[in-house]
Amino acid sequence: MNIFKQFINSLFSPKEIAAFHSQGIGKTILYVFFLALLSVIPSLAYSSTALVNGLNAIQTSIENEIPDFSIENGELKSDHKKPIIINREDFTIVFDSTGTVNPQDLTNNSTNTVGLLKNHGYFIAGNQVQSIPYSMIDTFTRDDFLNMLSMVNSSIGIIIPIMCVISFIFTSGVKFIEVSVLAFIGLLLTKLLARDLRYRHLWRMAAYSFTLPTVFFIVMDALKTMVPNGGMIYWFVAVMILLLSIKEIPQQKHDL
């Protein structure tokens with residue numbers, strides 16, 4: 001059975017997942033990479049688009065709407081005495097050298113936000129927040145910032161592929177850890193259900209048990225929808241599917 005048929009069957013059939021317990025480990029490892037790839041596609045597509053649009057919006061705004069500023073001794077300094085909020089379609093830029101704006105308020109403006117606040121710079125895209133403390137930066141001026149943006153824009157064709165590769169590697173590592181943890185949980189379930197399964201069998205089954213929750217959260221990410229208690233739901237569904245799959249394995253026979 002090819003990987004795409006396994007993917008479809010794993011969405012709804014614990015019996016099929018149980019049948020994968022004895023397949024080659026190489027095919028299961030490939031499947032984990034496949035799930036990792038699927039799970040990063042929505043966020044990478046969204047983040048890449050936000051990065052390109054954001055860089056253009058920031059450059060235009062700093063050139064035309066942001067007053068002269070500098071970063072010195074870990075602080076943003078400007079003669080402007082109140083915050084500036086610039087809304088551009090689905091992108092927001094917040095400039096505040098006064099310390100008035102709370103970083104937590106940045107997420108209230110739009111899904112994508114760049115914040116140049118008093119002590120930190122923020123970039124928010126796809127509900128993920130990245131921050132840079134100014135204490136890591138030497139003296140930095142408005143012209144330096146514009147030069148840096150021009151350089152980044154000219155290198156965007158290299159930056160985005162590197163970003164995608166790093167994200168995929170990180171997500172793959174997380175997936176392998178999740179599968180390993182779920183397989184350990186499976187060992188407890190096999191004892192309760194009196195099934196003759198080893199860790200290597202459960203690891204294979206655990207990989208496919210993550211298919212449904214992974215696809216669900218891929219769809220939610222694509223729709224830009226936050227799921228309350230998403231982590232708990234993710235693990236609960238995976239454990240339940242593994243439990244149902246283990247039950248499909250014939251029970252141990254005890255000698256009388």
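Keep in mind that what you see is a predicted model, and the values were worked out from it rather than measured. Hydrogens, waters and symmetry mates are skipped; everything else that's a heavy atom, side chains included, is used.
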Find out if a path of hydrophobic residues (ILVMFWY) with successive side-chain heavy-atom gaps under 4.5 Å connects [X] to [Y].
| X | Y | answer |
| --- | --- | --- |
| Ile166 | Val32 | no |
| Phe236 | Leu212 | yes |
| Leu188 | Met240 | no |
| Val179 | Phe176 | yes |
| Val174 | Ile233 | no |

Side chains of [X] and [Y]: donor-acceptor distance under 3.5 Å anywhere?
| X | Y | value |
| --- | --- | --- |
| Ser150 | Asn147 | no |
| Thr214 | Lys175 | yes |
| Gln23 | Tyr31 | no |

From [X] [atom1] over to [Y] [atom2], what is the distance, rounded to the nearest 0.5 angstrom?
| X | Y | atom1 | atom2 | value |
| --- | --- | --- | --- | --- |
| Leu116 | Ile62 | CG | CD1 | 6.0 Å |
| Lys27 | Asn2 | NZ | CG | 7.0 Å |
| Ile3 | Leu35 | CD1 | CG | 8.0 Å |
| Lys247 | Lys15 | NZ | NZ | 15.0 Å |
| Ile8 | Ser13 | CD1 | OG | 12.0 Å |
| Met205 | Glu248 | CE | CD | 9.0 Å |

Closest contact, heavy atoms only, [X] versus [Y]:
| X | Y | answer |
| --- | --- | --- |
| Leu202 | Gly186 | CD1-C, 3.5 Å |
| Ser209 | Ser245 | OG-OG, 4.5 Å |
| Thr28 | Ala207 | CG2-CB, 3.6 Å |
| Thr171 | Ala36 | CG2-O, 3.9 Å |
| Ser70 | Glu72 | OG-OE2, 3.1 Å |
| Ser78 | Ser97 | CB-OG, 3.5 Å |

Side chains of [X] and [Y]: does their closest heavy-atom pair fall under 4.5 Å?
| X | Y | result |
| --- | --- | --- |
| Asn56 | Asn153 | yes |
| Leu243 | Leu193 | yes |
| Phe95 | Pro67 | yes |
| Leu117 | Tyr122 | yes |
| Ile159 | Val152 | yes |
| Pro133 | His120 | yes |
| Ile84 | Glu65 | no |
| Ser39 | Asp221 | no |

- request: In sequence, state the C-alpha distance, the side-chain angles, and the governing distance for Thr98 and Lys82, and then conclude on side chain to side chain contact (heavy atoms under 4.5 Å, CB included).
  value: CA-CA 6 Å; Thr98 67; Lys82 61 180 181 179; 5.6 Å; no

query: Taking the six-membered ring for Trp, are the ring centroids of Phe184 and Trp203 within less than 6.0 Å of each other?
result: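 Centroid distance Phe184-Trp203: not below 6.0 Å, so no.
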
- prompt: Between Phe140 and Phe69, does the ring centroid distance fall short of 6.0 Å?
  reply: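 Ring centres of Phe69 and Phe140 not closer than 6.0 Å.
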
How about [X]: does its [atom1] atom have over 12 heavy atoms from other parts shown lying under 6.0 Å from it?
| X | atom1 | result |
| --- | --- | --- |
| Phe170 | CZ | no |
| Asp79 | CG | no |
| Leu223 | CG | yes |
| Ile132 | CD1 | no |

- request: Kindly assign one of parallel, tilted or perpendicular to the pair Phe217 and Tyr234, based on the angle between their ring planes and the thresholds 30° and 60°.
  value: perpendicular

- prompt: Should Ile156 and Val52 be marked as a side chain to side chain contact (heavy atoms under 4.5 Å, CB included) after you check the CA-CA gap, both sets of side-chain angles, and the distance that decides it?
  reply: CA-CA 8 Å; Ile156 200 71; Val52 173; 4.0 Å; yes

- prompt: Would Leu182 and Trp235 satisfy side chain to side chain contact (heavy atoms under 4.5 Å, CB included), going step by step from the backbone distance to the final call?
  reply: CA-CA 9 Å; Leu182 184 58; Trp235 277 97; 4.0 Å; yes

- request: Could you go through the side chain to side chain contact (heavy atoms under 4.5 Å, CB included) check for Asp144 and Thr141 one step at a time?
  value: CA-CA 5 Å; Asp144 292 331; Thr141 66; 3.1 Å; yes

Test item: [X] side-chain N/O and [Y] main-chain N/O as donor-acceptor pair under 3.5 Å:
| X | Y | answer |
| --- | --- | --- |
| Ser167 | Cys164 | no |
| Arg142 | Glu63 | yes |
| Ser43 | Val40 | yes |
| Thr49 | Ala45 | yes |
| Asn9 | Glu16 | no |

query: Salt bridge or not for Asp196 and Arg198, using N-O below 4.0 Å?
result: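 Here Asp196 pairs with Arg198 in a salt bridge, since their nearest N and O are under 4.0 Å apart.
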
task: Only one of Phe34, Tyr208, Phe210 passes ring pair (Phe, Tyr, Trp, His ring centres under 6.0 Å) with Phe7; say which it is.
output: Phe34

